[in-house]
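Comments concern the structure below.
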Amino acid sequence: MVTAHVFIATSLDGFISRPDGDIDWLLQRDDQTEDHGYSDFIANKDVIVMGRGSYEKVLTFDTWFYDRPVVVLSEQLAGSPVPEALKGKLRFSNLAPGDLMAELARQGVRRVYVDGGQLVQSFLRDGLVADMVITTVPVLIGSGRPLFGALQQDIELKLVSSRCFPSGLVQSTYRLAP
């Protein structure tokens with residue numbers, strides 16, 4: 001069975017970016033001397049699934065730093081050609097989250113990293129997320145793109161662990177209750 005896993009940072013007031021997608025508030029606090037566990041997290045993931053907003057943000061960086069296959073889930077980008085430099089590294093899809101997970105399972109994928117606010121929300125609503133690592137940055141940005149959105153029912157979580165870093169970041173791992 002394929003499982004979905006989240007590793008993401010939010011401002012203290014629950015935003016993953018400013019309204020325009022800017023993450024300057026996060027990048028300013030990225031202390032390279034601290035190990036926030038991304039390498040350990042990604043080590044056992046087979047595929048990264050991200051939304052269009054995350055993909056467009058990553059394209060602004062100098063290098064493509066993903067070493068796993070990437071699926072960009074976007075109705076808008078589905079059918080678009082993959083940029084030449086990224087051929088063989090990513091593909092676009094417009095499948096619903098459950099249908100994508102079924103397709104990935106047929107391909108032998110076991111563990112998927114899900115990235116992007118709206119995408120995380122969709123996977124949560126569909127009951128596809130197994131666990132989440134959420135790093136809270138000690139800053140209030142007032143408005144932006146929220147990590148969580150409207151739900152039709154409560155989603156129960158179990159705190160697995162929580163740790164704080166000298167920089168003030170607090171990282172909590174939650175498992176979704178069955």
Side-chain angles (χ1 to χ4, degrees), residues 3-74 85-86 89-90 110-125 128-151 154-177:
T3 55
H5 308 269
V6 174
F7 190 99
I8 200 162
T10 70
S11 62
L12 185 59
D13 46 358
F15 299 106
I16 58 169
S17 72
R18 295 190 188 282
D20 64 359
D22 194 358
I23 57 171
D24 62 325
W25 57 272
L26 174 61
L27 298 176
Q28 291 167 2
R29 290 163 181 82
D30 186 22
D31 185 340
Q32 296 295 321
T33 66
E34 290 181 350
D35 178 5
H36 299 131
Y38 178 79
S39 295
D40 289 340
F41 171 83
I42 198 72
N44 66 357
K45 305 307 179 286
D46 302 309
V47 172
I48 299 167
V49 177
M50 67 175 62
R52 182 181 52 83
S54 295
Y55 168 70
E56 289 174 349
K57 186 61 188 177
V58 169
L59 284 181
T60 68
F61 300 152
D62 292 335
T63 59
W64 183 260
F65 57 88
Y66 297 110
D67 63 354
R68 306 280 188 284
V70 174
V71 178
V72 178
L73 209 52
S74 167
L86 299 177
K89 297 179 182 181
L90 78 84
R110 309 301 292 158
R111 297 173 61 84
V112 174
Y113 166 28
V114 178
D115 191 25
Q118 290 182 0
L119 196 61
V120 169
Q121 291 172 27
S122 296
F123 274 67
L124 281 169
R125 278 192 299 272
L128 299 171
V129 176
D131 52 56
M132 299 186 291
V133 178
I134 301 172
T135 303
T136 304
V137 179
V139 62
L140 302 172
I141 63 173
S143 66
R145 297 178 182 171
L147 174 56
F148 302 113
L151 298 169
D154 292 351
I155 296 176
E156 297 291 328
L157 307 172
K158 177 178 169 54
L159 179 66
V160 174
S161 65
S162 193
R163 61 183 177 154
C164 60
F165 297 92
S167 63
L169 276 63
V170 177
Q171 187 175 78
S172 298
T173 301
Y174 298 94
R175 186 172 36 251
L176 277 75

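We count residues from 1, following the sequence as given.
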For residues 129-137, which side-chain donor-acceptor pairs fall under 3.5 Å, sequence neighbours excluded?
{"unit_1": "Asp131", "atom_1": "OD1", "unit_2": "His5", "atom_2": "ND1", "d": "2.9"}
{"unit_1": "Asp131", "atom_1": "OD2", "unit_2": "His5", "atom_2": "ND1", "d": "3.1"}
{"unit_1": "Thr135", "atom_1": "OG1", "unit_2": "Gln171", "atom_2": "NE2", "d": "2.9"}

* Structure fact -> Heavy-atom nearest pair, Tyr174 first then Val160, reads C-CG2, 4.2 Å
* Locate the shortest heavy-atom distance separating Ser162 from Val170; write the atom from each residue and the value. => OG-CG1, 3.9 Å
Using 0.5 Å steps for rounding, measure from the [atom1] atom of [X] to the [atom2] atom of [Y].
X      : Y      : atom1 : atom2 : result
Leu159 : Thr173 : CG    : OG1   : 8.0 Å
Leu26  : Ser17  : CG    : OG    : 10.0 Å
Asp67  : Ile48  : CG    : CD1   : 7.0 Å
Ile23  : Ser11  : CD1   : OG    : 12.5 Å
Asp115 : Phe123 : CG    : CZ    : 11.0 Å
Met50  : Leu73  : CE    : CG    : 11.5 Å

* Asked: Is there a side-chain contact between Leu90 and Tyr55, using heavy atoms and a 4.5 Å cut-off?
  -> yes
* **Pairwise salt bridge (charged side-chain N to carboxylate O under 4.0 Å, His left out) hits with a residue in residues 29-53, at least two apart** => Arg52-Glu56
* Asked: Restricting to pairs with a member in residues 12-23, which pass salt bridge (charged side-chain N to carboxylate O under 4.0 Å, His left out), not counting sequence neighbours?
  -> Arg18-Asp24
* Do other residues, nucleotides or ligands put more than 12 heavy atoms under 6.0 Å from Asn44 CG? -> yes
* CD of Gln118: more than 12 outside heavy atoms within 6.0 angstrom? ->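 Counting other residues, nucleotides and ligands, CD of Gln118 stays at 12 neighbours or fewer.
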* Asked: Residues two or more places apart in sequence or in another chain: which of them pass ring pair (Phe, Tyr, Trp, His ring centres under 6.0 Å) with Phe7?
  -> Tyr38, Phe41
* Examine distances only and state if a side-chain atom of Arg68 and a backbone atom of Ala43 form a donor-acceptor pair shorter than 3.5 Å. =>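 Such a contact is found between Arg68 side chain and Ala43 backbone.
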* Tell me, please, which residues at least two apart from Leu151 pass side-chain contact (heavy atoms from CB on, under 4.5 Å). =>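 Expected list: Arg125, Ile155.
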* Just jot down the side-chain contact (heavy atoms from CB on, under 4.5 Å) partners of Lys89, sequence neighbours excluded, or say none. =>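 side-chain contact (heavy atoms from CB on, under 4.5 Å) check on Lys89 returns Trp64, Leu86.
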